[in-house]
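Please read the structure below before turning to the comments.
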Amino acid sequence: VPISIGVPAVSVRAPKTINIDGNINHWTKAIPLTLTQPTDKKGVGIFPGLSGQLFTQWDDNFLYVAAVVTGTSATTLYPPAEMWRGDSLQIAIDTRRNGLLDTMGYREWDYVIGISKARIGVNVYRFHGGKSAPALMPGVKAAMSRLNNRQFYEIAIPWSEIGMKPPTIGGIVGLSAIANNNDGQGKRYLEWGGGMSKSQKPGEFIG
């Protein structure tokens with residue numbers, strides 16, 4: 001049973017509560033979304049060897065998001081507010097899905113949440129959303145794991161943490177995501193949707 005995550009992506013209802021442990025083998029029911037590279041003027045990806053997929057599911061309690069990024073190496077740990085400089089996953093959600101393509105700037109109901117490795121466990125950080133200042137989000141479950149050159153992310157966001165009630169079947173939210181990587185040779189990234197890497201335009205969260 002789906003809800004829409006942007007257009008035309010579909011997010012299926014999770015058959016049971018997902019155990020957030022950094023292992024995405026239990027995401028076989030989710031519909032994969034391809035994380036794409038920024039391209040040069042000829043349309044060629046500028047980060048050879050970097051690829052990834054994004055997955056979403058949901059239930060009455062959580063919006064679940066997972067990602068796998070291939071072609072990465074371990075990175076230096078950065079403070080939560082600067083996690084975008086290293087290995088991290090950033091998710092942007094337009095909870096009302098009413099952003100216009102020519103509108104610049106995030107609104108109160110546009111949330112930007114990031115996940116990165118901490119010295120112990122992971123950091124989940126709200127860059128934007130709601131009436132509160134940017135801060136860590138201890139109420140959000142998240143995990144990361146690594147296997148060779150593959151980085152895995154998994155997160156369960158309570159609907160209440162993004163100011164939403166549990167969705168109804170056929171509901172729609174806007175979603176965008178960026179997977180950042182820095183192997184010491186400069187930052188690289190993949191994305192799904194838009195409105196984050198180049199400008200703050202929630203109208204581009206539709207993908």
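Small disclaimer: the values here were computed from a predicted structure and weren't measured.
- Nearest heavy atom pair, residue I24 against residue A66, reads CG2-CB, 3.9 Å.
- S116 meets the side-chain hydrogen bond (donor to acceptor under 3.5 Å, both in side chains) test with no other residue; sequence neighbours excluded.
- Shown here for N182 and G86, the closest heavy-atom pair between the two residues is CB-CA, 4.0 Å.
- When the side chains of ILVMFWY residues are joined at heavy-atom separations under 4.5 Å, either directly or via intervening members, F62 and I31 end up in two distinct hydrophobic clusters.
- Of all the heavy atoms in G71 and L50, the pair that sits closest is O-CD1, 3.9 Å.
- For R188, the side-chain hydrogen bond (donor to acceptor under 3.5 Å, both in side chains) test picks out N181, with sequence neighbours left out.
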After noting the C-alpha distance and the side-chain angles of I157 and V124, does the key distance pass the side-chain contact (heavy atoms from CB on, under 4.5 Å) rule? CA-CA 10 Å; I157 305 170; V124 180; over 6 Å; no
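- Between the side chain of W58 and the main chain of S11, a donor-acceptor pair closer than 3.5 Å is present.
- Annotation for A92 and V112: closest pair CB-CG2, 4.1 Å, computed over non-hydrogen atoms.
- Looking at Y189 and P38, their side chains come closer than 4.5 Å, going by heavy atoms from C-beta outward.
- S145 meets the side-chain contact (heavy atoms from CB on, under 4.5 Å) test with F152; sequence neighbours excluded.
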Would you please test I155 and I91 for side-chain contact (heavy atoms from CB on, under 4.5 Å) and show each step? CA-CA 10 Å; I155 185 170; I91 305 161; 3.9 Å; yes
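- Within the structure, salt bridge (charged side-chain N to carboxylate O under 4.0 Å, His left out) contacts touching residues 44-64 (residues at least two apart or in different chains) are R13-D60.
- In this structure, the separation between CD1 on I178 and CG on L35 is 10.0 Å, given to the nearest 0.5 Å.
- The shortest side-chain heavy-atom distance between Q57 and I18 falls under the 4.5 Å cut-off.
- Side-chain heavy atoms closer than 4.5 Å link hydrophobic residues (I, L, V, M, F, W, Y) into clusters, and following such links, even through other members, never connects V68 to W192.
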Could you check N180 against D87 for side-chain contact (heavy atoms from CB on, under 4.5 Å), going step by step and ending with a plain yes or no? CA-CA 5 Å; N180 299 301; D87 285 3; over 6 Å; no
Counting only pairs under 3.5 Å, give me each side-chain donor-acceptor contact of residues 133-142, with atom names and distances, residues two or more places apart or in other chains.
none

Pair up each side-chain donor or acceptor in residues 77-85 with any protein partner under 3.5 Å, not counting sequence neighbours, and list the distances.
unit_1: E82; atom_1: OE1; unit_2: R85; atom_2: NH1; d: 2.6
unit_1: W84; atom_1: NE1; unit_2: A81; atom_2: O; d: 3.4

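- Every side-chain contact (heavy atoms from CB on, under 4.5 Å) that P32 has, sequence neighbours left out, goes to Q53, F55.
- In this structure S51 satisfies the side-chain contact (heavy atoms from CB on, under 4.5 Å) test together with T70, sequence neighbours excluded.
- Applying the side chain to side chain donor-acceptor pair (under 3.5 Å) definition to pairs two or more places apart or across chains, none involves residues 28-44.
- Scored by the side-chain contact (heavy atoms from CB on, under 4.5 Å) test, N23 finds D21, N25, H26 as partners (sequence neighbours excluded).
- Counting heavy atoms from C-beta on, the side chains of W27 and E154 come closer than 4.5 Å.
- Of all non-hydrogen atoms in V69 and A179, the two that sit nearest each other are CG2-CB, 3.5 Å.
- Between the OG1 atom of T56 and the OH atom of Y64 there is a distance of 12.5 Å, given to the nearest 0.5 Å.
- Legend: residues meeting ring pair (Phe, Tyr, Trp, His ring centres under 6.0 Å) with Y125, ordered by chain and number and at least two apart, are F127.
- Between L54 and V65 there is a side-chain heavy-atom pair separated by less than 4.5 Å.
- In this structure, R150 has no salt bridge (Lys or Arg N to Asp or Glu O under 4.0 Å) partners at least two apart in sequence or on a different chain.
- We find the CD1-CG distance between I93 and D110 to be 10.0 Å, quoted to the nearest 0.5 Å.
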Please step through side-chain contact (heavy atoms from CB on, under 4.5 Å) for the pair T72 and R146, ending with a clear verdict. CA-CA 9 Å; T72 72; R146 176 178 289 278; 2.9 Å; yes
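- Of the listed residues (M164, H128, R126, E161), just one forms a side-chain contact (heavy atoms from CB on, under 4.5 Å) with Y111, and that residue is R126.
- Heavy atoms only, all atoms of each residue included: Y153 and S88 are closest at OH-N, 3.1 Å.
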